[in-house]
Amino acid sequence: MIHFDNVSKVYANQNRPALDHVSVDVDKGEFVFLVGPSGSGKSTFLRLVLKEERPNSGAIHVAGKDLSRLSNFKVPHLRRRIGCVFQDFRLLPNKNVYENVAFALEVIGKPRRFIRKVVPEVIELVGLEGKAHRMPDELSGGEQQRVAMARAFVNRPMILLADEPTGNIDPATSIGIMKVLDRINRTGTTVLMATHDAAIVDSMRKRVVELEDGKIVRDQSRGVYGQAY
Amino acid sequence: MRANFIFSEVWIGLRRNLTMTIAVIVTVAVGMALLGIGLMINSQVSSMTSYWTDKVELSVFLCKKDDVFPSCKNKPPLNDEQKAALKQTISGMPEVERVDFEDQAQAYKNFQEQQGNSLLLSVVQPDDLPESFRVKLKDPNNAGAVTESITGQEGVSNIVNQRQILDTYFGFLGKLRNMALGVAILMVFAATLLIGNTVRLSAYNRRRETGIMRLVGASNIYIQLPFVMEGVIAGLIGGVFAAVLLIVTKILLFEGIQTYMAIPLGWNTVAGVITFTMAVGVVICVLASFITLRRYLRV
């Protein structure tokens, strides 16, 4: 599903590479934690998957597509198959829960009948039934992140990228968020989650890929956050 | 593509930058109106030029009794035979197409028709006006040679080339046209920059929305269209104002001076000019929006 082959990325005006000859394979339906300290290259990894950045060398395949051969014109179609969740939720403050989720379908031109059918289903999947007409500022952080997950998942993507989704949320609420991610993973969606949260990684017992200074230092199935911590 | 989604985005964008939108509309309106006026003057000049080029004549005025022109001093006017001979001479020139004689009665009649000044009308008598030959040339550009050869003839007081009078008049219209077009170009330039700025502000205001649209895989055209439409709508409204200004100009200015212009400016021409200026306005807005978007809305 995601295939990195000897990928290096150096940002302009920086001599140290953000990713240094990284090779990794993520299969369909896997749940993978991407761990490592700040600046280890986790976010760069996610941005490369989305083709928001181009690697300086190496090949990236996502959902069977060679990203270096994917024309800019087709990048939006790639992104429709990838859902994204962020630490800061990125909801539209002037739209309610339903509208925020529906927005993701509206802007890719889905028919209204389809939107009316699937949005309530997804809102229920993330555990926000009955709150469809709340505005984001009337929701707790955990609930806002659930809205963001509903929006990321509403188009049934093949891959869900989560960049520190529990970074702004207390540990108790984080468990609920992880349950939603796990539920999404069980539908067959590949989940790739970058995180600092050792407790969550340890409790989930999923595959762990650890980055340090742009290099993969550990790739362990059913791993924990790290012995050193 | 969902039209009502695009239009609601456009409406929000226009309302958020109301002052900038108004600035764009005013600049486009004035710029396009001036462009239109320039075009209208241009069409008027060219239709009049072709009309008059067929009509211009050399007026060869003859000495009358006690004429004060230097070439007539102390000389009696020509008798009928001499006039016939002179007419013969002039018609014999290869450049000349036709020669008509205008006697004093005819000259007075023409004078009455052309002259609006009633005081002058009451003072001038038919005897005050000279007789003349109206010389029609095959090619108006040969006027100089013909004038030269007639000037020395006995009994000729002076020669007036109507073309020269028209040229001063057309020259004035031409300057007016150039001024209108010059200012129009400046206004179009200003409009382009303003539209660019408006779109930039709009893109900044909506960076959250566009960021999410990018993430969920909205196509470029879907993201950019609302911004371009904002430019188009501002341009169209400006174009409508320009059309109103052009119609007012046509009614107040061109119909006012129509009596002096053998050919009035038709409504067909005005409609054509309005269509053209509106198209120019919209095209400028679309181009300015697209160029700005490429810089400020990375997709």
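Throughout, a chain's letter reflects where its sequence line sits, starting with A, and its residues are numbered from 1. Scope of the values below: all heavy atoms of this structure, side chains included, with no hydrogens, waters or symmetry mates.
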Checklist outcome for this item: Most contact-rich option vs chain B, by heavy-atom pairs under 4.5 angstrom, among A/V107, A/L78, A/I82, A/L92, is A/V107
Checklist entry - Does B/L215 reach the side chain of A/L50, with side-chain heavy atoms less than 4.5 Å apart? => result yes
Let me check something: any side-chain donor-acceptor pairs from residues 177-185 of chain B under 3.5 Å, sequence neighbours excluded? List them with distances.
residue	atom	partner	partner atom	Å
B/R177	NH1	B/N42	OD1	2.7

Item to check | For B/I212 against A/L91, the heavy-atom pair lying closest together | outcome: CD1-C, 4.5 Å
Item to check | Heavy-atom proximity to chain B below 4.5 Å, by part of A/F103 | outcome: side chain
Checklist entry - Taking atom CG of A/D137 as the centre, does the number of heavy atoms from other residues, nucleotides or ligands within less than 6.0 Å exceed 12? => result yes
Checklist entry - More than 12 non-hydrogen atoms from neighbouring residues, nucleotides or ligands closer than 6.0 Å to CZ on A/R207, yes or no? => result yes
Checklist entry - More than 12 heavy atoms of other residues, nucleotides or ligands under 6.0 Å from CZ of B/F276: is that the case? => result no
Checklist outcome for this item: A/R79 and B/R214 have their tightest heavy-atom pair at CD-O, 3.3 Å
Next on the checklist: Heavy-atom count check: over 12 atoms from other residues, nucleotides or ligands less than 6.0 Å from A/K74 NZ?
Outcome noted: no
Item to check | Separation between NZ of A/K95 and CZ of B/R208, rounded to the nearest 0.5 Å | outcome: 12.5 Å
Next on the checklist: With heavy-atom distances below 4.5 Å as the criterion, would you say the side chains of A/R80 and B/S219 are in contact?
Outcome noted: yes
Checklist entry - Looking only at heavy atoms, which two atoms of A/P76 and B/A218 are closest? And how far apart? => result CB-O, 3.6 Å
Item to check | Minimum side-chain heavy-atom gap A/E106-B/V216 below 4.5 Å | outcome: no
Item to check | Heavy-atom proximity to chain B below 4.5 Å, by part of A/N94 | outcome: side chain
